[in-house]
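Here's the structure, in structure tokens; my notes come after.
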Amino acid sequence: MGIDLSQTAYFYNRKTDSVSFLEFIFPLSNKVQFEKLLHDVGEPKPIANGYSSIGTKAGSVLVYNDRVARFISSTMSTTFFENDSVANRYGIKKVAYMAPAADAYSPELDSPTEVADSAAAVLDSAAVAIGWEEGEKEIEPLSPPIIVESTPDTVLANVEAAVPMTVDVAPEEMHDPSYYDSLYTEYENQNRKNDSIRNALRDQWLMGEATRLLSASYKPLSVSDQEKVLKNLGLIRLYVPHVEELYRGLMPYKTIPYLYMGINMDKFKTGYQDGMLDLLQDGNVLRLRGSVGLDRDLAEMSKRLYARKPNGKFNKYLTDKTLGFFNVNINSEAYLRDIPSYTAKYYSGLLGPQQDLVEWGLMALEIALDEKAIAQVMPGDHLFVVNGLRKFRKEYIDYSYDDDYNATEVKKTKDETLPVFIWMFTSKDQRLFRKGLDLAVAKTFGKIQDGIYAFSSKKG
């Protein structure tokens, strides 16, 4: 395919409040061979600095030279235009399907001046996105897309001209079915206009991103970050420079329920810094290895939490028949002592006015817990061993329906595959367990065999 598989390829994401950019960079071994893959896509066009470009689909572009290819795409943020001031700035008008037709369309807001202002807003935003530092070489914009004029016959003006809207519906017409058809038409037309503006912005910002990439005007990663990305590189490495920002990006903290509950995700903290996930190959063995950087307080607490070695007495339960195992070793006493203060420090700030109440409750929990006594019951050496898989036949109720949709119960069976496993941990104070097990035996839920409490279940 003309792609050099012996060298490293890079994939990264850059996110702003308005748009998210993805770029995939991969090395080429044969440009001519690579171009043969693109014949069905389109005709490559020269740009600058020895690069050629080819449009793939809306919101993305492929650029390449003799050594490297770059696939760049952009996706608009779903929440960016929810702010009324932002929407107004770009000429986006929110419209509800069941709004009165006269309210859904205002001639004053869709005058030629308004359309020109919308086009200018797009160009202003593009100028901000494409703006480069003094002394940098300006590169001609990519093609496609082409949205550079600010005259009334721009893309935005054409969209406006192609969207006729009904004005002034008399109240008596609301009883006419055609009235609702007009509402739907206006709703669809306005959404098409809004989508055209969003797409124009997306393509302009994509052009700005590509232009800066090709001119190498981005500030590079620091030397320490570059070392983290490249040192001891295996098959695949995922590097997250700011784990907390990743959390914020994944959580829908701007939705109404979060705001109603007073949760402020801007104050969300984890104590995590950067994160790394590696897929490594060692002969015929694949290994998945992860790590995360911690701030000083969390690092000190982690040393206390995990200051326990695996219990060597459990080794005899790992045999040739073991399918897999999961080993957890924590210091229960340190965990119970530190977790309330950790939660208060990193999470109480989320709840705004409830912060003081949460911190008070956590303090009460800290006082109520007898971590030394609990640690005697369960010190924290856990081993979960999966020794195989077993099939079980299970009955369940399904329903069949006749032509009149009357339901009839039908008993069916299906096979389920469940793991055969052992979970174990030591306990220096077994009174709580023994009392509970003795009660279960007294209630005939189980029995004692050779000093072992045994319980059977028909469900396997």
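A 4.5 Å side-chain heavy-atom check between Gln273 and Val292 finds every atom pair outside the cut-off. In this structure, Val410 and Tyr399 have side chains that are not in contact, with every pair of non-hydrogen atoms separated by 4.5 Å or more. With contacts defined as side-chain heavy-atom distances shorter than 4.5 Å, the pair Ile330/Leu305 does not qualify. Put simply, the side chain of Leu323 reaches to within 4.5 Å of the side chain of Leu389, judged on heavy atoms. No side-chain heavy atom of Phe425 sits less than 4.5 Å from a side-chain heavy atom of Val328. Using a 4.5 Å heavy-atom cutoff, the side chains of Asn199 and Leu201 are not in contact. Taking 4.5 Å as the limit, every side-chain heavy atom of Phe384 sits out of range of all side-chain heavy atoms of Phe325. Contact annotation: the side chain of Ser73 approaches that of Leu22 to within less than 4.5 Å [non-hydrogen atoms, C-beta and beyond].
Counted by atom type alone, Asn387 and Tyr317 present zero donor-acceptor pairs between their side chains at under 3.5 Å. Under 3.5 Å, the side chains of Asp295 and Tyr272 contain no donor-acceptor pair of N or O atoms. Between Tyr64 and Glu35, the side chains place a donor N or O and an acceptor N or O closer than 3.5 Å (distance only, hydrogens not considered). When only modelled atom types and interatomic distance are considered, Asn327 and Asn329 share a side-chain donor-acceptor pair under 3.5 Å. Using a 3.5 Å distance cut-off with no hydrogens or angles, the side chains of Asn13 and Ser20 do pair a donor with an acceptor.
No donor-acceptor pair under 3.5 Å is formed between the side chain of Asn311 and the backbone N or O of Thr426. Between the side chain of Asp404 and the main chain of Asn406, no donor-acceptor pair closer than 3.5 Å is present. Using a distance-only test at 3.5 Å, with no hydrogens or angles considered, a donor-acceptor pair links the side chain of Ser427 to the main chain of Val377. When atom types are taken as modelled, the side chain of Arg237 and the backbone of Asn232 share a donor-acceptor pair closer than 3.5 angstrom. A donor-acceptor contact shorter than 3.5 Å is absent between the side chain of Thr322 and the backbone of Leu318. Although no hydrogens or angles enter the test, the distance criterion places no donor-acceptor pair under 3.5 Å between the side chain of Asn191 and the main chain of Lys193. Between the Glu23 side chain and the Phe71 main chain, no donor and acceptor come within less than 3.5 Å of each other. Looking only at distances, no side-chain donor or acceptor of Arg304 sits under 3.5 Å from a matching main-chain atom of Tyr335. Ser332 places a side-chain N or O within 3.5 Å of a backbone atom of Pro379 that can act as its donor or acceptor partner. Asp402 contributes a side-chain N or O that, together with a main-chain N or O of Tyr405, makes up a donor-acceptor pair within less than 3.5 Å.
The shortest heavy-atom contact between Gln449 and Ala454 is OE1-CB, 4.0 Å. When all heavy atoms are compared, the tightest approach of Ile72 to Ala210 is CD1-CB, 3.9 Å. Taking every heavy atom of both residues into account, Val229 and Leu233 meet most closely at O-CD1, 3.7 Å. Among all heavy-atom pairs drawn from Asn194 and Lys93, the shortest one is ND2-O, 2.8 Å. Here the shortest heavy-atom pairing between Met276 and Lys228 reads CE-O, 3.2 Å. Here the closest non-hydrogen pair linking Ile197 and Gly91 is CD1-O, 3.3 Å.
With a 6.0 Å radius and a threshold of 12 heavy atoms from other residues, nucleotides or ligands, Phe24 has its CZ atom above the threshold. Shown here is Leu277, whose CG atom has more than 12 heavy atoms of other residues, nucleotides or ligands within 6.0 Å. By the neighbour-count criterion of 12 heavy atoms within 6.0 Å, atom CD1 of Ile452 is sparsely surrounded, having that number or fewer from other residues, nucleotides or ligands. Residue Phe34 places its CZ atom among more than 12 non-hydrogen atoms of other residues, nucleotides or ligands, all under 6.0 Å distant. Summarising the local packing, CE of Met424 is surrounded by more than 12 heavy atoms from other residues, nucleotides or ligands at distances under 6.0 Å. Within a 6.0 Å radius of OH in Tyr12, more than 12 heavy atoms belonging to other residues, nucleotides or ligands are found. Other residues, nucleotides and ligands contribute more than 12 heavy atoms inside 6.0 Å of the CZ atom of Arg14.
Between atom CD1 of residue Ile25 and atom OG1 of residue Thr8 there is a gap of 11.5 Å, rounded to the nearest 0.5 Å. Expressed to the nearest 0.5 Å, how far CG of Leu383 lies from CG of Asn315 amounts to 8.5 Å. Atom NZ of Lys412 and atom CG of Asp398 lie 4.0 Å apart (nearest 0.5 Å). With rounding to the nearest 0.5 Å, the separation of CG in Asp438 from CD1 in Ile448 is 5.5 Å. In this structure, NZ on Lys321 lies 7.0 Å from OG1 on Thr319, to the nearest 0.5 angstrom. Summarising the geometry, atom CE belonging to Met76 is positioned 3.5 Å from atom CZ belonging to Phe81; distances are rounded to the nearest 0.5 Å.
Arg198 has a carboxylate O that lies under 4.0 Å from a charged side-chain N of Asp195, or vice versa, which qualifies the two as a salt bridge. Under a 4.0 Å N-O distance rule, the pair Asp415/Lys391 does not qualify as a salt bridge. Here Lys414 does not pair with Glu395 in a salt bridge; the nearest charged N to carboxylate O distance is not below 4.0 Å.
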Asp297/Tyr342 under side chain to side chain donor-acceptor pair (under 3.5 Å): CA gap, chis, key distance, verdict: CA-CA 9 Å; Asp297 290 343; Tyr342 167 80; over 6 Å; no
Trace of the side chain to side chain contact (heavy atoms under 4.5 Å, CB included) decision for Ser302 with Leu294: CA-CA 9 Å; Ser302 297; Leu294 310 177; 3.4 Å; yes
Side chain to side chain contact (heavy atoms under 4.5 Å, CB included) assessment of Val19 paired with Thr75: CA-CA 6 Å; Val19 64; Thr75 305; 5.8 Å; no
Criterion side chain to side chain contact (heavy atoms under 4.5 Å, CB included) on Leu288 and Asp278, from CA distance to verdict: CA-CA 6 Å; Leu288 192 64; Asp278 280 328; over 6 Å; no
Audit row: Phe26, Gln7, side chain to side chain contact (heavy atoms under 4.5 Å, CB included) steps and yes/no: CA-CA 8 Å; Phe26 51 96; Gln7 295 191 47; over 6 Å; no
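Considering Leu62, Val61, Leu213 in turn, Leu213 is the only one that fulfils the side-chain contact (heavy atoms from CB on, under 4.5 Å) rule with Arg70. Applying the side-chain contact (heavy atoms from CB on, under 4.5 Å) test between Ser74 and each of Arg202, Met207, Glu209 identifies Arg202 as the sole match.
Ring geometry for Trp423 against His382 counts as parallel: the plane angle stays under 30°, on a 0 to 90° scale with 60° as the upper cut.
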